Number of protein chains: 2
Amino acid sequence: MSQADVPQPGVERRAQEPLGPYVVEDQVGFLLRRAHQRHAAIFLETMARHDLTPTQFTALIKTVELGRVTQNLLGRLVAMDPATIQGVVRRLVDRALIARALDPMDRRTTVLIPTDAGFALAAKAVVAARAITAATLAPLDPEERTQLTALLRKLG
Amino acid sequence: MSQADVPQPGVERRAQEPLGPYVVEDQVGFLLRRAHQRHAAIFLETMARHDLTPTQFTALIKTVELGRVTQNLLGRLVAMDPATIQGVVRRLVDRALIARALDPMDRRTTVLIPTDAGFALAAKAVVAARAITAATLAPLDPEERTQLTALLRKLG
DNA sequence: GGGGGGTCATTCGTGTGCAAATGATCCGGT
DNA sequence: ACCGGATCATTTGCACACGAATGACCCCCC
């Protein structure tokens with residue numbers, strides 16, 4: 001590193017950066033990406049024996065919870081756009097965790113219904129999911145966990 | 001909704017769900033995914049005229065900041081694994097925002113150096129990036145913004 | 001009772017994200 | 001001088017994620 005690469009901080013630079021230095025690592029976007037990655041890693045490892053990804057788990061749980069949903073509605077409920085939910089549902093259907101049914105009232109839609117295997121796996125997966133949430137929040141003390149959850153919910 | 005679908009809370013269920021009900025929408029993982037998606041949407045829209053994705057922006061900024069980095073090291077610094085950083089860097093090189101150089105000391109590595117165009121774009125993109133952070137945090141009041149950032153950083 | 005605007009599901013293209021495998025290269029220890 | 005473990009970059013395969021386009025279908029309003 002030459003001297004030119006390490007200028008004295010806060011002298012001439014201030015004029016060009018009136019709002020202070022921009023540190024990528026401190027931006028919400030970067031921190032959100034990191035946190036999401038870490039959670040995904042914990043999820044994948046903990047849920048490995050059930051072979052469910054975070055999105056597959058979420059879609060399955062929601063389908064079991066509702067008993068019967070339209071694919072697009074399911075997508076809206078779990079924050080996945082139609083193109084994404086399509087692939088997620090396809091994989092769950094391929095594994096016979098949920099089934100497609102026809103809606104005589106609306107021939108555009110396919111109704112999704114969990115299978116017995118889907119119910120059974122969902123029950124077991126929820127146990128793992130509780131551990132995943134706990135492991136993800138492990139670095140925080142109880143009060144901070146509540147705060148973080150509240151702030152993220154407020155973030156929309 | 002039938003009566004059977006809305007049981008009185010906290011009676012028989014407690015025996016089977018000793019830790020309380022599992023609401024997927026309240027789990028950190030779900031909230032992190034939602035928040036990350038929302039940020040990505042804001043980023044894409046605000047950064048549209050510069051045509052940079054969040055990861056491309058981060059990699060470019062970091063390269064400009066360092067002036068000269070190895071690809072794998074860059075990846076570690078911005079939390080992208082070698083397979084991911086490879087594609088990100090390739091797109092930046094294709095657009096002539098950064099250049100590859102040979103390292104005579106280590107023939108395995110390719111050294112990355114920002115081009116003049118890369119410097120120029122980075123300077124303009126940082127302005128947009130400040131707005132993106134602000135827009136992402138808009139739903140929170142100033143104190144909450146500091147809290148959220150601190151909690152996410154602590155999350156690792 | 002037809003027509004037009006909206007919705008549903010799907011497909012395509014592009015961009016992350018990671019595990020795993022590969023080939024080239026480096027380096028420490030013998 | 002060499003060899004074996006480690007690192008670098010790349011590729012492949014799979015799974016989100018979304019914009020845009022498409023074809024089928026719904027429903028309301030004229």
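Worth saying up front: this structure is predicted, and the values here are computed from it rather than measured.
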## Note on the structure
Which of Arg145(A), Arg153(A), Arg130(A) passes salt bridge (Lys or Arg N to Asp or Glu O under 4.0 Å) with Asp26(B)? It is Arg153(A)
### Query
OP1 or OP2 of dA9(D) sitting under 4.0 Å from any side-chain N/O of Arg90(B)?
no
## Note on the structure
Closest to the side chain of Thr70(B), out of dT16(C), dC8(D), dC8(C), is dC8(D)
### Task
Tell me, yes or no, whether the heavy-atom count around Arg34(A) atom CZ, taken from other residues, nucleotides or ligands under 6.0 Å, exceeds 12.
no
### Task
If the plane angle is over 60° it's perpendicular, under 30° parallel, otherwise tilted; pick one for His36(A) and His36(B).
parallel
### Flag side-chain contact, heavy atom, 4.5 Å: Val78(A) against Ile61(A)
no
### Query
For Gln86(A) and dT11(C), is the shortest distance between a side-chain N/O and OP1 or OP2 below 4.0 Å?
yes
#### Entry: Asp81(A), nearest nucleotide to its side chain (from dC8(C), dG19(D), dT10(D))
dG19(D)
### Query
Expressed in angstrom and rounded to an integer, what is the separation of Arg91(B) atom CZ from dG17(C) atom P?
11 Å
### Task
Using atom CG of Asn72(A) as one end and atom P of dG6(C) as the other, report the distance to the nearest whole Å.
17 Å
### Task
Go through residues 105-112 of chain A and report each residue with a non-hydrogen atom lying under 4.0 Å from DNA chain D, sorted by number.
Asp106(A), Arg107(A), Arg108(A)
### Query
Where the side chain of Glu144(A) meets the backbone of Asp141(A), is there a donor-acceptor pair that is under 3.5 Å apart?
yes
### d(CD1, Ile85(A); C1', dT11(C)) in whole Å
16 Å
### Message
Whether the side chain of Thr70(B) engages the backbone of Val111(B) through a donor-acceptor N/O pair (distance < 3.5 Å, no angle test) should be reported.
### Response
no
### Query
Which residues within residues 27-56 of chain A lie with some heavy atom under 4.0 Å of an atom in DNA chain D?
Thr53(A), Thr55(A), Gln56(A)
#### Entry: Phe57(A) CZ - dA15(D) P separation (whole Å)
18 Å
### Query
With distance as the sole test, does Arg95(A) use its side chain to make a donor-acceptor pair with the main-chain N or O of Arg91(A) at under 3.5 Å?
no
### Message
Run the side chain to side chain donor-acceptor pair (under 3.5 Å) test against Gln37(A) and tell me which residues pass, sequence neighbours left out.
### Response
none
### Message
From CG of Leu102(A) over to P of dA24(D), roughly how many Å is that when rounded to an integer?
### Response
17 Å
### Query
Run the salt bridge (Lys or Arg N to Asp or Glu O under 4.0 Å) check on Glu25(A) and Lys62(B) step by step: do they pass?
CA-CA 10 Å; Glu25(A) 294 89 342; Lys62(B) 204 67 190 173; 2.3 Å; yes
### Message
If you compare every side-chain N and O of Arg100(B) against the phosphate oxygens of dA9(D) (OP1, OP2), does one of them come in below 4.0 Å?
### Response
no
